Amino acid sequence: MNKPSKVDAVYLVGLMSGTSVDGIDAAVVKLSPSADREHGVEVELLAFENTPFPAQARDSIFELFDPVNATMDKVGAMNMWLGELYAQATLSVIRKCGLSATQIFAVGSHGQTIYHAPEEKATGGYNLHCTVQIGEGAVIANRTGIPCVSDFRVADMAMGGQGAPLVPFTEYVLFADPDKTLLLQNIGGIGNVTVLPAKASPEQVFAFDTGPGNMIIDGLVSQLYAPLTMDAGGEIAAGGQVIGELLEWMQQDEYYTMPLPKSTGRERFGQQYAAQIIAMMKTNRWKAEDVIATATRLTAWSIVDSYERYIKPQHRAQQLLVGGGGSYNKTLLRDLQQLFAPHQVQVLTQEDIGGNSDAKEAIAFALLAYYTMNRMPNNMPRVTGASGPVIMGKVSFPYPGR
């Protein structure tokens, strides 16, 4: 793995909007060369903001999750609109930390995923797989005057990878520990885990999507408790009881036993999945709070099952570090602690170690953009299944003098 060159500190902005579509996470980071860290880089979070999407934009994004509705005119318009919203979020978070746009080296923007199909499909004599993230980088660059790196995933896919997960690269750079095996579990719409064995080389790190994170919970809450869109703090789940029959049905999804590498998304666990559960709920007259409690337990179970199935046979972990929106769900954390207790794995949040659960992925895309701008590989082939290292991200430059 290449190390950043020994240059003066630079400032970057990272942008992330995930499968939960709860808003734009924007982080300003200071990246400095460090002789103390193994990978030669230290990242300091200077400012963070989450900007909720306007209701019309959020509704339009959800409409695009259905390929039938994702017509070219709608995708194209939303691509540009999101570019404008990301640009506003960028300028806002820069102001928050007292810097100016001229001081920012680059913006790294994940974009909004509207379609992810990592499985290869034979087409025209080629084995193709694809992913679509929107939020036009050229708009961000020209509204802010800052070079913007976007559309990261497709370069990895061009090398035969799944284009996901991407954050393990930055987690290795920032969290690798010589003495402990760490599991870095992000719980956004989808859950994903990075395995950092003690004293690991990049070739020993692996990661994958564990399954649904908040996606099923949010989908059910939106239908059963409108206008709520999420179970804040896990309060609804805390008042319910797990439905054994429903949990067993959910655990049968073939995703959980698929071989690595693997990734998933809304195509499998989105609105249609929640609709199936609602139909079963009506037939069986289950209580709404019990259904939410069961969906919450499923997320915890899927994370522990992934550990037992794919990780523990090779590496016994000492800690699970939880980040993402799911880290604020107290019921989910309680379930994780109970299920991991027999494995003697300590469950902590990013805040427990002085980090920021919300900002973690935005920070990651700022760091990924730094590697892109310096023409250094920033994927992990063992994680994604790519045939080799690649420089991910497309660079949009602002008009000179902007």
Side-chain angles (χ1 to χ4, degrees), residues 11-31 43-54 57-58 61 82 85-86 88-97 107-113 133 135 152 165-171 173-175 182-194 209-210 212-215 217-218 221 228-235 296 299 303 320-333 336 347-369:
Y11 302 104
L12 299 101
V13 172
L15 302 174
M16 177 69 192
S17 55
T19 50
S20 294
V21 199
D22 51 3
I24 303 166
D25 293 335
V28 180
V29 302
K30 180 181 179 181
L31 191 150
V43 175
E44 178 186 358
L45 176 64
L46 301 183
F48 173 77
E49 283 186 335
N50 174 272
T51 304
F53 284 117
R58 190 172 191 271
I61 292 168
L82 283 178
L85 296 177
Y86 291 152
Q88 290 179 17
T90 298
L91 294 173
S92 176
V93 76
I94 292 171
R95 288 192 296 269
K96 184 175 182 177
C97 68
V107 175
S109 176
H110 171 268
Q112 178 65 54
T113 299
Q133 284 76 44
F152 287 86
L166 302 186
V167 172
F169 176 89
T170 60
E171 290 176 326
V173 171
L174 298 176
F175 292 98
L182 303 178
L183 309 177
L184 282 91
Q185 178 73 47
N186 183 69
I187 307 177
I190 294 297
N192 52 73
V193 66
T194 300
D209 287 352
T210 52
N214 303 315
M215 184 173 289
I217 302 168
D218 291 350
V221 170
L228 297 181
T229 59
M230 60 183 289
D231 182 12
E235 293 183 3
T296 303
T299 294
I303 293 168
L320 179 86
L321 301 180
V322 183
S327 68
Y328 301 111
N329 185 320
K330 295 179 180 178
T331 303
L332 177 54
L333 283 178
L336 282 171
V347 178
L348 300 172
T349 66
Q350 288 288 327
E351 282 71 17
D352 291 331
I353 62 168
N356 184 311
S357 293
D358 286 333
K360 179 173 170 284
E361 288 195 296
I363 293 171
F365 281 93
L367 183 54
L368 287 170

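One-based numbering along the sequence shown. As the structure is a prediction and not an experimental result, all values here were calculated from the model.
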| query | Is Val43 close to Val173 at the side-chain level, that is, under 4.5 Å between some pair of heavy atoms? | reply |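 Side chain of Val173 against side chain of Val43, heavy atoms only: no contact under 4.5 Å found.
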
| query | Does the side chain of Val93 come within less than 4.5 Å of Phe48's, by heavy atoms? | reply |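 They are not in contact (no side-chain heavy atoms under 4.5 Å apart), so the answer is no.
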
| field | Chi angles and distances behind the side-chain hydrogen bond (donor to acceptor under 3.5 Å, both in side chains) call for Thr210, Gln185 | value | CA-CA 9 Å; Thr210 52; Gln185 178 73 47; 3.2 Å; yes

Which pair of heavy atoms, one from [X] and one from [Y], lies closest together, and at what distance?
{"X": "Ala27", "Y": "Ala362", "answer": "CB-CB, 3.8 Å"}
{"X": "Ala26", "Y": "Leu15", "answer": "CB-CD2, 3.6 Å"}
{"X": "Ser109", "Y": "Tyr86", "answer": "OG-CD1, 3.9 Å"}
{"X": "Ser327", "Y": "Gly324", "answer": "OG-O, 2.7 Å"}
{"X": "Val28", "Y": "Val13", "answer": "CG2-CG2, 4.0 Å"}
{"X": "Pro212", "Y": "Thr299", "answer": "O-OG1, 3.4 Å"}

| task | Start with the C-alpha gap between Tyr328 and Asp358, add the side-chain angles, then the distance that decides, and say whether side-chain contact (heavy atoms from CB on, under 4.5 Å) holds. | result | CA-CA 10 Å; Tyr328 301 111; Asp358 286 333; 3.1 Å; yes

| task | For side-chain hydrogen bond (donor to acceptor under 3.5 Å, both in side chains), just list the numbers for Gln88 and Thr51, CA-CA rounded to whole Å, side-chain angles, deciding distance to a tenth of an Å, and then say yes or no. | result | CA-CA 9 Å; Gln88 290 179 17; Thr51 304; over 6 Å; no

Distance in Å, [X] [atom1] paired with [Y] [atom2], rounded so as to fall on 0.5 Å steps:
{"X": "Lys30", "Y": "Leu12", "atom1": "NZ", "atom2": "CG", "result": "12.5 Å"}
{"X": "Leu45", "Y": "Ile363", "atom1": "CG", "atom2": "CD1", "result": "4.5 Å"}
{"X": "Lys96", "Y": "Glu49", "atom1": "NZ", "atom2": "CD", "result": "4.5 Å"}
{"X": "Leu321", "Y": "Leu184", "atom1": "CG", "atom2": "CG", "result": "5.0 Å"}
{"X": "Ser17", "Y": "Leu85", "atom1": "OG", "atom2": "CG", "result": "9.5 Å"}
{"X": "Met16", "Y": "Phe365", "atom1": "CE", "atom2": "CZ", "result": "5.5 Å"}

Between [X] (side chain) and [Y] (backbone), is there a donor-acceptor pair under 3.5 Å?
{"X": "Asp231", "Y": "Glu235", "answer": "yes"}
{"X": "Thr331", "Y": "Gly234", "answer": "yes"}
{"X": "Asn214", "Y": "Ile187", "answer": "yes"}
{"X": "Thr349", "Y": "Val322", "answer": "no"}
{"X": "Gln112", "Y": "Gly18", "answer": "yes"}

| Which one of Val347, Leu336, Val193, Leu183 satisfies the side-chain contact (heavy atoms from CB on, under 4.5 Å) criterion with Ile303? |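 Among Val347, Leu336, Val193, Leu183, the one meeting side-chain contact (heavy atoms from CB on, under 4.5 Å) with Ile303 is Leu336.
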
| task | Take Glu361 and Asn186 through the side-chain contact (heavy atoms from CB on, under 4.5 Å) test and state the conclusion after the steps. | result | CA-CA 9 Å; Glu361 288 195 296; Asn186 183 69; 3.6 Å; yes

| So Met230 and Val221, side-chain contact (heavy atoms from CB on, under 4.5 Å) or not? Walk me through it. | CA-CA 6 Å; Met230 60 183 289; Val221 170; 5.5 Å; no

| message | Can you list everything that forms a side-chain contact (heavy atoms from CB on, under 4.5 Å) with Pro52? Sequence neighbours excluded, please. | response |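 If we apply the side-chain contact (heavy atoms from CB on, under 4.5 Å) test to Pro52, skipping adjacent residues, the hits are Asn50.
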
| said: My understanding is that only residues two or more places apart in sequence, or in another chain, count here; which of them pass salt bridge (charged side-chain N to carboxylate O under 4.0 Å, His left out) with Glu171? | reply: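 By the salt bridge (charged side-chain N to carboxylate O under 4.0 Å, His left out) rule, Glu171 matches Lys360.
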
